[in-house]
Asker: 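Sending over a structure as structure tokens; questions will come in a sec.
What's counted below: heavy atoms across the whole structure, side chains too, no hydrogens, waters or symmetry copies. In what follows, chains are A, B, ... by sequence order, proteins preceding strands, each numbered from 1.
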Protein chains: 2
Amino acid sequence: MRADAQRNYDKIVEVARQVFRERGYDASLDDIAKLAGVGPGTLYRHFPKRENLLDAVMQSWVDKVNDTADKALTYEGSDRDLLVNWFVDYVGLISQHKGGPAKLTSAMGNPDSPIMTKCQALSRANGKVIDRLREDGALRDEVDTIQVCRLVGGIATVADQSELDTAAVRPMLEVVADGLLK
Amino acid sequence: MRADAQRNYDKIVEVARQVFRERGYDASLDDIAKLAGVGPGTLYRHFPKRENLLDAVMQSWVDKVNDTADKALTYEGSDRDLLVNWFVDYVGLISQHKGGPAKLTSAMGNPDSPIMTKCQALSRANGKVIDRLREDGALRDEVDTIQVCRLVGGIATVADQSELDTAAVRPMLEVVADGLLK
DNA sequence: CAACCATACGGAGACAGTCTCCGTTTAGCA
DNA sequence: TGCTAAACGGAGACTGTCTCCGTATGGTTG
């Protein structure tokens, strides 16, 4: 990539990250281009679809997802608490900006979504926790990872759209956890 | 209301019901106006916000919600099956058109949403089933109706957005049911 | 049944967002 | 220094939302 192209690419992603956080996932792309000091043409050449931009914005976030899952596994208490705490973290991770939970969760399991790699990271992180509990024999047999992603993603989506706080979300996550555990 | 106004109102709702079902909740309102043979001004005078139109479209649906809940209560099998079957019905009811589950579920608990009355009908229907199970002593104590609406609504939202079929949805509803029952 | 007027109509057009096309500019190389 | 492929950016086409206001009409009243 040419140096000027790289500069613009980086600037757009930097601006988009901030704007998405402040105004939600629906923010105007022409606005983002303007704020980044480039024309709309440039933005759309680098990111043909809104989701391609979202994907770039989330790049740095992948590491955090992994770290959080690893940290969740070091928890010393009960399986139930481990699972619920992880769910709370998971919801936090996918709720960085308004509209995020819906986007991420509905792209899950769709192999040609532009944010597929992000979904995989998420799914892998979740899988780590699920696998560990399965090894412990704590989970019901039929449970599968993508199902768990969807269940928790569904709750995150509702929470996002209804602007619920953690106090309202946690009990719902507990219900799901109880339904998953033996 | 003047006779011509009533005629237009009815025609718009009739057309909207069909268009929403065919093209989803995001269909163009100017299009609906055109199909109904009225100007956009007329449509927007009757229905200032998209949700007001949605509300009118759903009017007939309220009765069905009630009937379905009543029928669910006549089920003779186990509490778990009763609950799961009701959840399946519930998901069906709110998934009449694309985008419906998200709209209905996120409006739940927001007292000044234009579709508030529809949410209340939904919540009441769900409450009937929940109350009955509570009387039977089958439910955990902390369970409340709106939470259940949100949990099931969350699953319906994900299913809607990921275009999942009943076979994929049912197991998720079972997890929630198991988490709610003693 | 004619005249009146509140009520309702409808379409032109302002506005906002998406996205493309293409003439212009420039980085990087020879 | 000159060349060219790569990249830029903005004008504008297109789509959808929503409003304003001149026009038409249903229903009432004398």
Side-chain angles (χ1 to χ4, degrees), chain A residues 1-57 97-100 102-103 106-107 112-115 161, chain B residues 1-57 97-100 102-103 106-107 112-115 161:
Chain A
M1 198 187 308
R2 241 169 65 175
D4 55 341
Q6 184 69 56
R7 259 198 314 278
N8 281 330
Y9 182 100
D10 292 344
K11 191 70 208 275
I12 291 169
V13 172
E14 181 196 324
V15 168
R17 181 172 293 124
Q18 193 183 341
V19 172
F20 280 160
R21 208 186 297 275
E22 283 170 9
R23 309 187 199 168
Y25 174 69
D26 288 333
S28 153
L29 297 186
D30 279 23
D31 258 17
I32 290 174
K34 199 168 292 174
L35 284 169
V38 303
T42 300
L43 188 149
Y44 283 99
R45 196 166 348 89
H46 285 306
F47 310 101
K49 315 199 78 173
R50 179 179 287 269
E51 291 196 341
N52 296 119
L53 179 53
L54 185 63
D55 186 70
V57 163
H97 56 74
K98 207 158 170 50
K103 271 294 150 196
S106 69
D112 38 53
S113 159
I115 55 172
Q161 286 166 356
Chain B
M1 197 188 304
R2 240 168 64 174
D4 53 343
Q6 184 70 58
R7 258 197 315 278
N8 282 328
Y9 183 101
D10 292 343
K11 191 70 207 273
I12 292 169
V13 172
E14 181 197 323
V15 168
R17 182 173 294 124
Q18 192 183 341
V19 172
F20 280 160
R21 207 186 298 274
E22 282 170 10
R23 309 188 201 169
Y25 175 69
D26 288 333
S28 154
L29 296 187
D30 278 24
D31 258 16
I32 290 174
K34 199 167 293 176
L35 283 170
V38 303
T42 300
L43 186 150
Y44 283 99
R45 194 166 351 89
H46 285 307
F47 311 100
K49 316 198 77 174
R50 178 179 289 269
E51 291 197 342
N52 296 119
L53 179 53
L54 185 62
D55 187 69
V57 163
H97 54 76
K98 206 157 170 51
K103 270 293 152 196
S106 70
D112 38 55
S113 159
I115 54 171
Q161 287 167 356

Asker: Please identify the 5'-most and 3'-most nucleotides of DNA chain C with any atom under 4.0 angstrom from a heavy atom of chain B.
Answerer: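 Nucleotide range with atoms under 4.0 Å of chain B: C:dA6 to C:dA12.
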
Asker: Only one of A:Gln6, A:Met1, A:Arg2 forms a side-chain contact (heavy atoms from CB on, under 4.5 Å) with A:Asp4, so which one is it?
Answerer: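 Looking at A:Gln6, A:Met1, A:Arg2, the match for A:Asp4 under the side-chain contact (heavy atoms from CB on, under 4.5 Å) is A:Arg2.
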
Asker: May I have the distance from A:Asp30 (atom CG) to D:dC8 (atom P), rounded to whole angstrom?
Answerer: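 Computing the A:Asp30:CG to D:dC8:P distance gives 16 Å.
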
Asker: Please tell me which of B:Asp31 and A:Gly37 maps to the more 5' nucleotide of DNA chain D, matching each residue to the nucleotide holding its nearest heavy atom.
Answerer: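 Checking each residue's closest nucleotide, the 5'-ward one belongs to A:Gly37.
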
Asker: Could you please name the option among D:dC18, D:dA5, D:dG9 that lies closest to any side-chain atom of A:Thr42?
Answerer: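 Output: D:dG9.
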
Asker: Measure from OH on B:Tyr44 to P on D:dC18 and round the result to the nearest Å.
Answerer: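 In whole Å, D:dC18 P lies 5 Å from B:Tyr44 OH.
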
Asker: Do you know the tightest heavy-atom contact between A:Arg50 and A:Tyr25?
Answerer: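 What the structure gives for the nearest pair is NH1-O, 2.7 Å.
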
Asker: Sequence neighbours left out, what pairs pass salt bridge (charged side-chain N to carboxylate O under 4.0 Å, His left out) with at least one residue falling in residues 12-29 of chain A?
Answerer: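 Salt bridge (charged side-chain N to carboxylate O under 4.0 Å, His left out) check on residues 12-29 of chain A returns A:Arg23-A:Asp31.
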
Asker: For A:Asp26 and D:dT17, give me the distance from atom CG to atom C1', rounded to whole Å.
Answerer: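 Rounding to the nearest Å, CG of A:Asp26 and C1' of D:dT17 are 15 Å apart.
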
Asker: Find the bend of the helix from C:dC1-D:dG30 to C:dA30-D:dT1 as the angle between its two terminal axes (five pairs each), to the nearest 10°.
Answerer: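 One end axis against the other gives 10°.
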
Asker: Under 30°, 30 to 60°, or over 60°: which ring-plane class applies to A:His46 and A:Tyr9, parallel, tilted or perpendicular?
Answerer: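 Ring orientation of A:His46 relative to A:Tyr9: perpendicular.
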
Asker: Checking contacts here: which listed nucleotide (D:dT17, D:dC8, D:dA7) is nearest the side-chain heavy atoms of A:Asn8?
Answerer: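 When the side chain of A:Asn8 is considered, D:dC8 is the closest of D:dT17, D:dC8, D:dA7.
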
